[in-house]
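The sequence lines fix the lettering, A, B, ..., with proteins before strands; numbering per chain opens at 1.
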Protein chains: 2
Amino acid sequence: MTLIQQVTERVRGEGGRMTGQRRLILEALENLSGHPTAEEIYARVRKEDAEINLSTVYRTLRWLEESGFVAPRWFEDDHRRERFDAAGSSDDHFHFRCRTCNQIIEFDDPNLEIVKQAFETQYLAEVENITLVLYGLCARCKIQPNQAQGA
Amino acid sequence: MTLIQQVTERVRGEGGRMTGQRRLILEALENLSGHPTAEEIYARVRKEDAEINLSTVYRTLRWLEESGFVAPRWFEDDHRRERFDAAGSSDDHFHFRCRTCNQIIEFDDPNLEIVKQAFETQYLAEVENITLVLYGLCARCKIQPNQAQGA
DNA sequence: CAGCTTATTGCGAATTATTTGCAAATGGCA
DNA sequence: TGCCATTTGCAAATAATTCGCAATAAGCTG
Ligand SMILES: [Mn+2]
Ligand SMILES: [Mn+2]
Ligand SMILES: [Zn+2]
Ligand SMILES: [Zn+2]
């Protein structure tokens with residue numbers, strides 16, 4: 001089932017409406033690679049609907065966030081800009097961000113489970129969530145002096 | 001050698017001046033526990049010097065940041081507020097933040113070195129920096145319904 | 001299909017954290 | 001003590017995101 005279908009089902013179930021704007025924003029989320037900002041989503045959606053407003057984009061993203069369809073992310077390089085992860089909040093994974101081309105690579109690693117458990121045991125704490133970001137140079141930028149992309 | 005002495009040495013070496021404001025901000029950094037915000041440092045410093053301006057605090061923190069004496073940190077709970085880590089940029093460590101009392105625990109774990117190397121090998125990338133934050137409940141908040149502190 | 005109800009949108013103004021320009025103040029050497 | 005470049009205080013600027021509200025439009029219902 002596609003993202004739009006899932007969201008439609010959800011919104012209808014709670015007496016909400018599936019509007020053209022919401023459909024366009026969902027399409028943008030599916031098609032834009034990486035972790036786009038609200039502005040990037042706005043720019044994309046604007047191609048189809050020149051009248052859409054940036055605040056609608058924000059509002060829709062917040063609403064998708066509440067339902068767990070997108071997850072907010074911040075990276076240190078541009079820490080003020082919120083980015084939106086279409087992977088949603090249930091699928092947890094970690095990120096690598098290239099300092100040169102700003103590319104983001106998603107990955108997972110079973111060692112984090114060990115780190116988590118070690119911490120919980122030592123501090124008698126309960127870890128609910130893990131944010132791990134590696135910063136550095138991707139394979140391409142390591143050799144080739146590359147032009148920056150994105151933010 | 002104390003932080004103030006280190007910074008004095010550095011600033012004098014580059015033709016700068018060690019002002020009363022800078023001294024107070026450094027004292028605040030040494031005395032405030034955790035990872036204070038600019039406002040928190042400002043509030044503390046204001047007790048000694050009622051005339052000091054918030055922009056001086058920011059400017060001084062940025063300057064300390066450039067020299068590696070403090071490191072900026074952002075936590076997801078209040079992601080817009082920059083926090084300042086007096087540990088500096090050379091000492092790398094990771095953080096746990098309690099969702100209830102906002103306490104921050106610093107820790108290290110050799111497994112992160114393994115995660116880093118595994119990533120580098122798999123993606124032929126070069127990792128320069130690692131940010132890891134665990135979110136959850138500290139030992140105290142796990143049992144006792146606690147009142148929030150800080151931001 | 002037209003009318004109705006109310007969820008959603010567009011718009012502009014507000015908010016919040018941080019930065020900046022500039023004239024006045026002051027640290028520290030002579 | 002005087003000089004002058006470095007810092008400061010202040011007020012205004014920035015930038016990302018949010019909010020209030022009147023206008024619009026989903027999606028029933030008849
Ligand atoms: Mn992701
Ligand atoms: Mn720290
Ligand atoms: Zn790259
Ligand atoms: Zn706690």
Please report the C-alpha distance between A:His35 and A:Glu82 in whole Å, then the side-chain angles of each, then the deciding distance to 0.1 Å, and finally whether the side chain to side chain donor-acceptor pair (under 3.5 Å) criterion is met. CA-CA 9 Å; A:His35 298 67; A:Glu82 186 169 4; over 6 Å; no

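Nucleotide D:dA12 holds its P atom 16 Å from the CG atom of B:Leu54, rounded to whole Å. In this entry the distance linking OH of A:Tyr42 with C1' of D:dA16 reads 14 Å, nearest Å. For the pair B:Arg59 CZ and D:dT7 P, the interatomic distance rounds to 11 Å; values are reported in whole Å. For the pair B:Glu14 CD and D:dA5 P, the interatomic distance rounds to 18 Å; values are reported in whole Å. Distance CZ (A:Arg80) to P (D:dT18): 15 Å, rounded to an integer number of Å. Distance CG (B:Leu64) to P (D:dT7): 12 Å, rounded to an integer number of Å. Counting to the nearest Å, the C1' atom of D:dT18 and the CG atom of A:Leu61 are 13 Å from each other. One can place OH of A:Tyr58 at 7 Å from P of D:dT18, the figure rounded to the nearest angstrom.
Nearer the 5' end of DNA chain D, as judged by each residue's closest nucleotide, is the contact made by B:Thr56, out of B:Thr56 and B:His79. Mapped onto DNA chain C by nearest heavy atom, B:Glu82 and A:Gln21 fall at different nucleotides, with A:Gln21 at the one closer to the 5' end. Judged by closest nucleotide on DNA chain C, A:Val11 is the one of B:Thr19 and A:Val11 placed further toward the 5' end.
Grouping Ile, Leu, Val, Met, Phe, Trp and Tyr residues whose side-chain heavy atoms lie under 4.5 Å apart, directly or via other members, leaves A:Ile114 alone, with no other cluster members. Hydrophobic cluster membership of B:Trp74, counting Ile, Leu, Val, Met, Phe, Trp and Tyr whose side-chain heavy atoms lie under 4.5 Å apart directly or via other members: none, as it forms a cluster of its own.
Inter-axis angle, ends of the helix from C:dC1-D:dG30 to C:dA30-D:dT1, five pairs per end, rounded to 10 degrees: 20°.
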Review item, side-chain donor-acceptor pairs of residues 118-134 of chain A, under 3.5 Å, at least two apart:
residue, atom, partner, partner atom, Å
A:Glu120, OE2, A:Val127, N, 2.8
A:Thr121, OG1, A:Gln117, O, 2.9
A:Glu128, OE1, B:Arg99, NE, 3.3
A:Thr131, OG1, B:Glu76, OE2, 2.8

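Taking the 5' to 3' direction, DNA chain C first and last meets chain A under 4.0 angstrom from a heavy atom at C:dT5 to C:dT18.
Annotation for B:Val11 and B:Trp63: closest pair CG2-CZ2, 3.5 Å, computed over non-hydrogen atoms. Between A:Asp108 and A:Asp92, the closest heavy-atom pair is OD2-O, 4.5 Å. Closest heavy-atom contact between B:Val70 and B:Ala86: CG1-CA, 4.4 Å.
Note on A:Arg12: a side-chain N or O is less than 4.0 Å away from OP1 or OP2 of D:dG27. Contact between the side-chain N/O atoms of A:Arg62 and the OP1/OP2 oxygens of D:dT18 is found at a separation under 4.0 Å.
Backbone-only contact: B:Gly15 has heavy atoms under 4.0 Å from sugar-phosphate atoms and none from a base. Within 4.0 Å (heavy atoms only), A:Glu51 reaches sugar-phosphate atoms of the nucleic acid but no base atom.
Ring geometry for B:His95 versus B:Phe75: interplanar angle over 60°, hence perpendicular rather than tilted (30 to 60°).
The side chain to side chain contact (heavy atoms under 4.5 Å, CB included) test applied to A:Arg44 returns A:Ala28, A:Asn31, A:Leu32, not counting sequence neighbours.
On a pure distance criterion of 3.5 Å, a polar donor-acceptor pair joins the side chain of B:Arg17 and the base of D:dA5.
Defined by atom type and a distance below 3.5 Å, a donor-acceptor pair is missing between the side-chain atoms of B:Arg62 and B:Tyr58.
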